[in-house]
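Note sheet for the following structure.
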There are 2 protein chains.
Amino acid sequence: MKKDLNITPLNTLSLVDKVEMRINEYIKNNNLEVGDAIPKELQFAEALGVSRTVIREALSRLRTIGIIETKKHKGMVLSHPDFIQNFEKVIDSNLLEDETLKDIFELRLILEMGMVDILFARKTDEDLKELEEIVNRMESNNSESTVFKLENEVAFHGKLYEMSGNKTLQRFQNLLLPVFQYVHEHKLPNAEPFKYSKKFTTHRELLNFLKDDNIKAFRKGLSNHLEPHLNRVLEKAKS
Amino acid sequence: MKKDLNITPLNTLSLVDKVEMRINEYIKNNNLEVGDAIPKELQFAEALGVSRTVIREALSRLRTIGIIETKKHKGMVLSHPDFIQNFEKVIDSNLLEDETLKDIFELRLILEMGMVDILFARKTDEDLKELEEIVNRMESNNSESTVFKLENEVAFHGKLYEMSGNKTLQRFQNLLLPVFQYVHEHKLPNAEPFKYSKKFTTHRELLNFLKDDNIKAFRKGLSNHLEPHLNRVLEKAKS
DNA sequence: ATTTGTTATTATGTATAACATAATACAAAT
DNA sequence: ATTTGTATTATGTTATACATAATAACAAAT
């Protein structure tokens with residue numbers, strides 16, 4: 001029997017919240033760059049008129065997202081935040097929403113389809129040689145061990161990301177992979193046997209398209225290769 | 001004249017580091033789910049034999065990455081971490097490495113090229129109507145104001161992401177956009193006049209491909225549309 | 001009977017003081 | 001000249017105390 005007063009509650013920012021903002025401003029306003037030192041905890045505390053406790057918690061937040069680094073017992077300096085690092089903990093927590101998990105599943109497909117141009121622009125002969133070795137292993141390894149199969153699958157696609165030359169993309173995909181596997185196994189309908197509309201494009205064929213510098217065929221082949229996954233998320237869309 | 005003793009330094013994890021891990025373990029081992037309450041600060045402090053200060057800093061980290069939420073003066077509960085949220089602060093800090101910035105620039109192109117399949121699977125007539133309105137505005141707005149042009153450009157491509165139906169992708173792209181603009185303007189060589197190898201594909205044409213359900217033409221057109229950007233990152237690759 | 005006021009309890013927010021420990025610079029010793 | 005000792009400094013950690021908001025239980029008022 002709650003009455004909806006339709007009035008927005010006033011947001012009481014905590015001291016730490018405010019201090020965090022102030023320190024961020026301080027860094028920006030002083031045009032500080034990576035490597036530059038920032039004032040000591042006590043200096044901040046005195047300047048802002050709050051206790052060291054509050055300062056420490058605000059600094060702790062900045063440290064958590066990676067924009068400052070503390071040299072123990074020495075001081076703090078600005079540092080390059082790691083774009084990817086925080087994802088790891090988030091993903092590792094197993095607390096993401098189901099919808100987000102599915103979004104991530106799609107994201108991985110999107111990335112792989114979208115990197116084709118860059119992949120072809122940057123692939124080297126050395127890359128292709130390595131990739132061929134992976135494919136060879138996949139074919140020789142007919143032991144049907146599901147674990148090995150998956151391992152090789154990951155190696156193949158992982159190599160593609162590596163070949164893109166985009167480290168952030170590569171790390172991002174590495175992070176997405178476990179989510180992909182998880183959603184694949186637990187969150188999507190009608191898991192296995194999938195009927196391909198056409199012939200299934202093998203890893204060997206994909207490799208050959210790369211070697212022949214045939215981007216069109218590769219794109220089509222990759223699309224075909226990923227079709228079962230893609231279809232599952234698209235089926236969902238229709239229902 | 002450093003002597004290399006060939007002995008690995010012992011990693012001195014701070015108490016907070018350890019406590020953070022312990023609390024993470026606690027959550028996992030007890031199979032706690034979103035919405036579940038976690039013990040009070042004092043209970044943690046007592047159980048782990050450390051001061052409340054340390055507990056608070058560890059909890060602060062978990063709060064920063066979004067896996068717990070504290071109801072002031074009441075207690076803490078597990079919450080869905082926001083996959084994107086942490087990026088905002090990182091990007092806003094202006095402290096990312098140049099290489100990461102360029103990676104992100106590419107990432108945005110990759111996303112846009114890669115989402116075509118999903119885009120076509122999910123687009124609705126309503127979407128197309130909205131998109132058409134945007135294109136109409138773009139064409140009528142011949143005031144040549146760079147600001148307006150950019151605004152419309154953003155609206156058009158933003159709408160494409162919205163049409164993908166993938167909220168995470170959409171938010172991700174929104175985050176990437178300012179980086180994209182920044183790199184576009186400050187970090188890449190030979191900025192403007194770009195000679196298209198073929199005829200430039202306009203927004204109107206892209207819209208029509210969508211309406212005609214012509215995915216092939218759209219893909220090609222989008223590739224052409226993004227060519228100047230793509231070429232710039234690929235030029236870089238060769239040098 | 002419902003609302004309002006009172007009170008006690010609890011948990012987080014904040015402040016303060018103190019000590020531990022590692023990094024650094026510099027003096028002292030050999 | 002290199003090593004060793006020492007003072008200083010800044011962060012890491014603990015302990016204690018109080019402020020404040022949420023909650024519940026119950027009394028008082030209409």
Side-chain angles (χ1 to χ4, degrees), chain A residues 1-5 7-23 26-27 32 35-79, chain B residues 1-5 7-23 26-27 32 35-79:
Chain A
M1 213 201 59
K2 269 181 196 165
K3 269 178 268 184
D4 189 351
L5 284 194
I7 181 171
T8 55
L10 32 85
N11 54 337
T12 75
L13 285 177
S14 75
L15 254 187
V16 177
D17 292 326
K18 292 179 203 159
V19 167
E20 184 190 358
M21 293 192 296
R22 287 300 191 87
I23 296 181
Y26 173 87
I27 292 170
L32 297 185
D36 289 347
I38 61 175
K40 314 306 174 190
E41 294 176 345
L42 275 176
Q43 292 177 292
F44 271 130
E46 205 168 327
L48 291 173
V50 296
S51 74
R52 198 177 144 220
T53 314
V54 171
I55 299 292
R56 276 183 66 79
E57 187 163 337
L59 289 172
S60 163
R61 292 187 188 175
L62 302 187
R63 219 172 306 141
T64 300
I65 64 173
I67 75 178
I68 66 173
E69 206 175 342
T70 84
K71 313 278 187 187
K72 258 190 193 170
H73 309 112
K74 191 186 162 197
M76 294 167 289
V77 297
L78 294 187
S79 68
Chain B
M1 214 205 59
K2 267 183 197 165
K3 269 179 265 183
D4 190 350
L5 284 193
I7 180 172
T8 55
L10 32 85
N11 54 338
T12 79
L13 285 177
S14 76
L15 253 186
V16 177
D17 292 327
K18 292 179 204 159
V19 167
E20 185 191 356
M21 292 192 299
R22 287 300 190 86
I23 295 181
Y26 173 86
I27 292 170
L32 297 185
D36 289 347
I38 61 174
K40 314 306 173 191
E41 295 176 344
L42 274 175
Q43 292 177 291
F44 271 130
E46 205 168 328
L48 291 174
V50 298
S51 75
R52 197 176 143 221
T53 314
V54 171
I55 300 292
R56 277 182 65 80
E57 186 163 337
L59 289 172
S60 163
R61 292 187 187 176
L62 302 187
R63 218 172 308 138
T64 301
I65 64 173
I67 76 178
I68 67 173
E69 205 175 344
T70 85
K71 313 278 186 186
K72 256 190 195 172
H73 308 113
K74 192 185 160 197
M76 294 167 289
V77 298
L78 294 186
S79 67

State, to 0.1 Å, how close V16(A) and A58(A) come at their nearest heavy-atom pair, and which atoms those are.
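For V16(A) versus A58(A), the nearest heavy atoms are CG1-N, 3.8 Å.
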
Nearest heavy-atom neighbours spanning I68(A) and R63(A)
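So the two residues come closest at O-CG, 3.5 Å.
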
Under 3.5 Å donor-acceptor pairs involving side-chain atoms of residues 42-51 of chain B, not counting sequence neighbours:
from   : atom 1 : to     : atom 2 : distance (Å)
Q43(B) : OE1    : K40(B) : N      : 2.8
S51(B) : OG     : T53(B) : N      : 3.4

Applying side-chain contact (heavy atoms from CB on, under 4.5 Å), name anything that partners I27(B), two or more places apart in sequence or on another chain.
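side-chain contact (heavy atoms from CB on, under 4.5 Å) list for I27(B), sorted by chain: I23(B), L32(B), L78(B).
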
Output all residues satisfying side-chain contact (heavy atoms from CB on, under 4.5 Å) with S60(A), sequence neighbours left out; order by chain, then residue number.
T64(A), E57(B), S60(B), R61(B)

Rounding to an integer number of Å, can you tell me how far [X] [atom1] sits from [N] [atom2]?
{"X": "L42(B)", "N": "dT9(C)", "atom1": "CG", "atom2": "P", "answer": "17 Å"}
{"X": "F44(B)", "N": "dT14(D)", "atom1": "CZ", "atom2": "C1'", "answer": "19 Å"}
{"X": "E69(A)", "N": "dT11(D)", "atom1": "CD", "atom2": "P", "answer": "14 Å"}

What residues, two or more places apart in sequence or in another chain, satisfy side chain to side chain donor-acceptor pair (under 3.5 Å) together with R52(A)?
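Scan of R52(A) (side chain to side chain donor-acceptor pair (under 3.5 Å), adjacent residues dropped) gives E41(A).
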
Going 5' to 3' along nucleotides 4-10 of chain D, which nucleotides have protein heavy atoms under 4.0 Å from the base (write B), which only from the sugar-phosphate (write S), and which from neither (write -)?
------B

Side chains of E20(B) and L59(B), heavy atoms from C-beta outward: is any pair under 4.5 Å?
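In short, these two side chains do not touch, never coming nearer than 4.5 Å.
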
Please list, by residue number, the residues of residues 46-57 of chain A whose heavy atoms come closer than 4.0 Å to an atom of DNA chain D; answer none if no residue qualifies.
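Within residues 46-57 of chain A, the residues near DNA chain D are R52(A), R56(A).
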
